[in-house]
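See structure below.
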Amino acid sequence: MELEKTYNPKKAEETHYRVWEERGYFAPEINENKDAEPFSIIIPPPNVTGNLHMGHALQHTLMDVLTRWKRMSGFKTLFLVGVDHAGISTQLMVTRQLKKDEHKTPQDIGREAFTEKVWEWKHKYGGEIQRQIRREGLSVDWSRERFTMDESLSRAVREVFVRLYEEGNIYRGNRIVNWCPRDKTVLSDLEVKEEKAKDGKLYYLKYPVKKSPPYEGGVAAVSADGVVETGETKFIVVATTRPETMLGDTAVAVNPEDERYNDLIGQTVELPLTDREIPIIADEYVESDFGTGAVKITPAHDANDYEVGLRHDLPQLNVMNKDATMTETAGKEFAGLDRFAARQLVVEKFEELGLLEKIDDYDVTLPHCERCKTVIEPLLSLQWFVKMDEMRDLALDMMRKERSPRFFPQVPHEKIYTTWLNSLKDWTISRQLWWGHQIPAWYDDAGNVFVARTAQEAFEKAGTSDLVQDADVLDTWFSSALWSFSTLGWTGESVPSAVADGLSGSFESLTATLQPPATAGGTDKSSDLETFHPTSVLVTGRDIIFLWVSRMVMTALKFVGEKPFDDVIIHGTVLDKNGQRMSKTKMNGIDPLDVFEKFGVDATRMALAGSATGVDFAWRDEKVESFRNFANKIWNATRFCLMNSEGASVDHSSVMFGKDASIADRWILSRLNRTALNVNKALAGYQFHEAVQLLYHFFWDDFCDWYIELVKDEITAEDASEKRTEARTRIITTLEIALRLLHPFMPFLTEELWQKLPGISSDLHHNSYRSADKTIMLTSFPPGDTSAIDEQAESEMRAVIELISKVRNIRAEMNIKPSDKISLLVSANEKLQKIFAENEAQILKLAKASEIKLAEKADSPKASARAVLTGGAELAIPLEGLIDFEKEMERLENQVTKLEEENSRLENQLKNQNFVERAPPEKVREIRERVAEIETQSATLKQNLDALR
RNA sequence: GCCGACUUAGCUCAGUGGUAGAGCACUCGCUUCACACGCGAUAGGUCACAAGUUCAAAUCUUGUAGUCGGCACCA
């Protein structure tokens, strides 16, 4: 069997996933060890409308690496997958399609028909993200796939809603909320993004003060104190960025300490463009040095004004409709006008009346709808809210007492998370949409509200079935907040035994909030909850720490009585090659699927995992390309081993040998185990890039560049022999172990190659997976064996590598043709001579030399190129006729210079009495040893130089 | 306004007290029988700037500049 010369990832990517999935390798049930420790990850559910982007590819890769690593390490592993119903996005998408296909609006067809359409849409097109997840190679358990609107998850949503309501933590109230006039729904603070307005203006409006003579036109003069006098008419000037809201003003406020306005407090102004008279009030909220120090108060259209209004018992005049057109209340001339048209008209009218004092350019940041970018309108509206105080305290206690969750990187996320929790406000949870979990509240004719888990329950509570359910749905993040436990079967009916039994000590504040189990015992589903909750680690982006991570912590603590996850990995953002955020509007996004096509999934995974955890990084195709090359390197190394595998098979006893084995074998085994130990360590600390670097360099540098080359002759020997078979077995076994180490990162390539190795079977599987058909993904992940670390072999191999490298250097610098064989004269102590002698064949081959002469002090002709080696050894290459004496002298001089520079730096250190006294003794010793080594080497080099002169 | 991160080779990035690292690009040499997606050999950095702590600072502290991010305010 011979492999193609170049690895083409297509075939592997098309075949193995299906097999893995079909054979159930992804499900935790594959683990036959009933005592296996669980490991679980839940995927941050992508939107059902979503397409894979680089952020997904990154976080998915990290999760899959961890899952595959843990699975291979014998854990009972669950990687739970699911999608989010994504209320607004999905509703918008289907609305658009409805308009396009049938020229209808959702209102035209009605709620029931519309939601049915959305379900249809979901069944038809909603599977894209799942296909893409399969393409990525994620070892997720599809048998447990969840959707936030599954019946069991919806039950959990209703249960949580009802419980919070019954406790008084969910309430319905009139508040100033963030209203998106385009999506026509309320949004939570987190779904609003502040953005700089392009041409912000601050308008100064003059309100005539009553009790002064009526204003009769004319240009007003501004006095320094902000009160304007024209003739006898007094004005108070207010500054605003939203003039149209003046139509809903119900007061003008000044700071009580502000002397300019002291005498006006208690008076009234005649509100222009209306027939209303509004009071001038004093409130601490007003800052005297901003604007004119006088503020128009519009309680129904501004959060601060709302508060002021409550304090002063002001009327709340709503002048704006849900689509941001003006209401009748705004006046006949304005009713029906869009808010921006109304703004213009108000300004014009003020100007006509001579009441517009001035317009300043003004940098304002305005709230925008995160999704549709429309300017948010603060609006007084009746909505459902969650009081967060109690749950916030649970989360804060958890952080304070147990430092949980552990964030990676801890800085700055732990602090950001804590700070945010500390200033948490009530959460607006109702949404004016049809797609989502309809709020489980029913109303009777009298407007009484009945909150219940089901309509039936509501009817019972109300004593009538003549009820209407609340039309709104819940914020999508409400169901996402329950994701850690709702996906594992929690519906509020069963509670894990740990909770039912009462909490063991450490977290007393929870006890009070726990509900007794509604029904005794658990369901089948709840065993997942017991086994896999809390989940092991959450991998997500920093943009949803508040939206999602914190809320999962709060709801899990409150409703399950335990944290939702131990660790939270916050990965970085993938930027474009110019360091800009990828966005649809900038058209600078890179489609992971294109990258998969071009370089393969495994190379992409390596490139993503190879970027430091938590750090933003600019996307570079070149990086993936280098891992594509790496994949090809692995392919070809395997190709080489397979071409020379006759008689051999994977046999782990072949790499259990003693000190009598060859240096190369002992060395590669030592390197392999060192790599395995370090990779495990790196993964345990979520240092993915560290693991990638270790694997890359082990495989390429150690295994390919040195080990294969060192044992090549033995392996490719023409005549079959026991020795050859043993060497072949050793290399193929080493390769097999290396492939396992690579598997979590490069699942397709490693499976493809592993399946081709001679002698593989499910006997190689981890003990927990012996019954499964052979696959690399169920072999045991090499833990690394400290006893296989062979310092002596590593140091001896360093000497061999140094010798070969020095020869190559001389060859390159002296322009010796590859075809020219040379002689090596090596002066060295007995120990080194022995090492070189044992590796003579390899040294000759790799240095392209015809002979090597070893001696305590070798005689070398003057016409030689020379180098010094560690341990007092010298290398001379006789180059009669070939040597360029000038060049050789220059070469030697350069080396002397380098050594002397280093020497003087070290000598200075040693001269410093403080260093010698205070630095750790071993540090001082190291430097003394190094100085001695340098002195030997440079003395030798100088002798050589003298000999040339 | 408050908080935070970052600034290291041409580029993208590791490294966080003890002699500056990788990949790519560059230069030179190789159709060496696994791989030119390759092999071999070089070159390239006063680790943003300034002060301080220390025997020793790219690494710790403070300040400055630039870049980016989060939060708040925004009449």
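The structure presented is a predicted model; accordingly, all values stated were derived computationally and were not measured. Chain naming here is simple, since letters A, B, ... match the order of the sequence lines and numbering starts at 1 in each.
- The pair A:Arg628-A:Asp621 fails the salt-bridge criterion, with no side-chain N (NZ, NE, NH1 or NH2) lying under 4.0 Å from an Asp/Glu carboxylate O.
- Taking 4.5 Å as the limit, some side-chain heavy atom of A:Ile804 sits within range of a side-chain heavy atom of A:Trp706.
- Across all strands, A:Glu709 comes closer than 4.0 Å to base atoms (heavy-atom distances).
- Within the structure, every side-chain polar atom (N or O) of A:Tyr696 is placed at least 4.0 Å from both OP1 and OP2 of B:rA14.
- Residue contacts shown for A:Thr6 include a base, since a base heavy atom lies under 4.0 Å away.
- Residue contacts shown for A:Ala637 include a base, since a base heavy atom lies under 4.0 Å away.
- Toward the 5' end of RNA chain B, the nearer of the two residues A:Gln687 and A:Ala294, judged by each one's closest nucleotide, is A:Gln687.
- OP1 and OP2 of B:rA5 both lie 4.0 Å or more from every side-chain N or O belonging to A:Lys415.
- Considering only side-chain N and O atoms, A:Asn629 lies under 4.0 angstrom from the phosphate OP1 or OP2 of B:rG38.
- Spacing between atom CH2 of A:Trp700 and atom C1' of B:rC39 amounts to 11 Å, rounded to whole angstrom units.
- Rounding to the nearest 0.5 Å places CH2 of A:Trp420 at 5.5 Å from CG of A:Leu190.
- Among the atoms of the strands shown, only primed sugar atoms or phosphate atoms (P, OP1, OP2) are found under 4.0 Å from some heavy atom of A:Leu202.
- Comparing the same atom, C1', in B:rU8 and in B:rU59 gives a spacing of 11 Å after rounding to whole Å.
- The residue A:Thr298 sits apart from the nucleic acid: no heavy atom pair falls under 4.0 Å.
- The nearest heavy atom of RNA chain B to A:Asp701 and to A:Lys923 marks one nucleotide each, and the one closer to the 5' end goes with A:Lys923.
- If you check every strand for non-hydrogen atoms under 4.0 Å, A:Arg242 touches nothing.
- Within the nucleic acid shown, A:Gln693 comes within 4.0 Å of sugar-phosphate atoms alone, with no base atom in reach, counting heavy atoms only.
- OP1 and OP2 of B:rA56 both lie 4.0 Å or more from every side-chain N or O belonging to A:Asn908.
- Put simply, the residue from A:Tyr207, A:Tyr204, A:Phe350 that forms a side chain to side chain contact (heavy atoms under 4.5 Å, CB included) with A:Leu355 is A:Phe350.
- In this structure, A:Glu194 reaches the bases: a heavy-atom distance under 4.0 Å links it to at least one base atom across the strands shown.
- Look at A:His689 and you'll find a side-chain N or O under 4.0 angstrom from OP1 or OP2 of B:rG15.
- B:rG38 atom P lies 10 Å from atom CG of A:Asn636, rounded to whole Å.
- Residue A:Lys5 places its side chain closer to B:rA36 than to any other of B:rA36, B:rC37, B:rC11.
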A:Thr245 vs A:Val319, test: side chain to side chain contact (heavy atoms under 4.5 Å, CB included). Steps then yes/no. CA-CA 7 Å; A:Thr245 62; A:Val319 292; 5.6 Å; no
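- As rounded to whole Å, 15 Å separates atom C1' of B:rA5 from atom CD1 of A:Ile570.
- A:Val615 comes within contact range of the sugar-phosphate backbone alone, with a heavy-atom separation under 4.0 Å but no base atom that close.
- Residue A:Lys633 places a side-chain atom within donor-acceptor reach of the base of B:rC35, judged by atom type and a 3.5 Å distance cut-off alone.
- Under 3.5 Å, the side chain of A:Thr365 and the base of B:rC74 form at least one donor-acceptor pair of N or O atoms.
- Using a 4.0 Å heavy-atom cutoff across all strands shown, A:Asn644 reaches no nucleic acid atom at all.
- When heavy atoms are screened at a 4.0 angstrom cut-off, A:Lys577 is found touching no nucleic acid atom at all.
- Residue contacts for A:Phe617: at a heavy-atom cut-off of 4.0 Å it reaches the sugar-phosphate backbone alone, with no base atom in range.
- Comparing B:rG10 with B:rG69, their C1' atoms sit 27 Å apart, to the nearest whole Å.
- A:Trp700 and A:Tyr696 have tilted rings, their planes meeting at an angle from 30° to 60° on a 0 to 90° scale.
- A:Cys704 comes within 4.0 angstrom of a base, heavy atoms only.
- Taking atom CZ of residue A:Arg581 and atom P of nucleotide B:rG69, one finds them 6 Å apart after rounding to whole Å.
- Counting non-hydrogen atoms of other residues, nucleotides and ligands closer than 6.0 Å to CD of A:Glu4 gives a total of 12 or fewer.
- Contacts of A:Arg628 with the nucleic acid, taken as non-hydrogen atoms under 4.0 Å apart, include base atoms.
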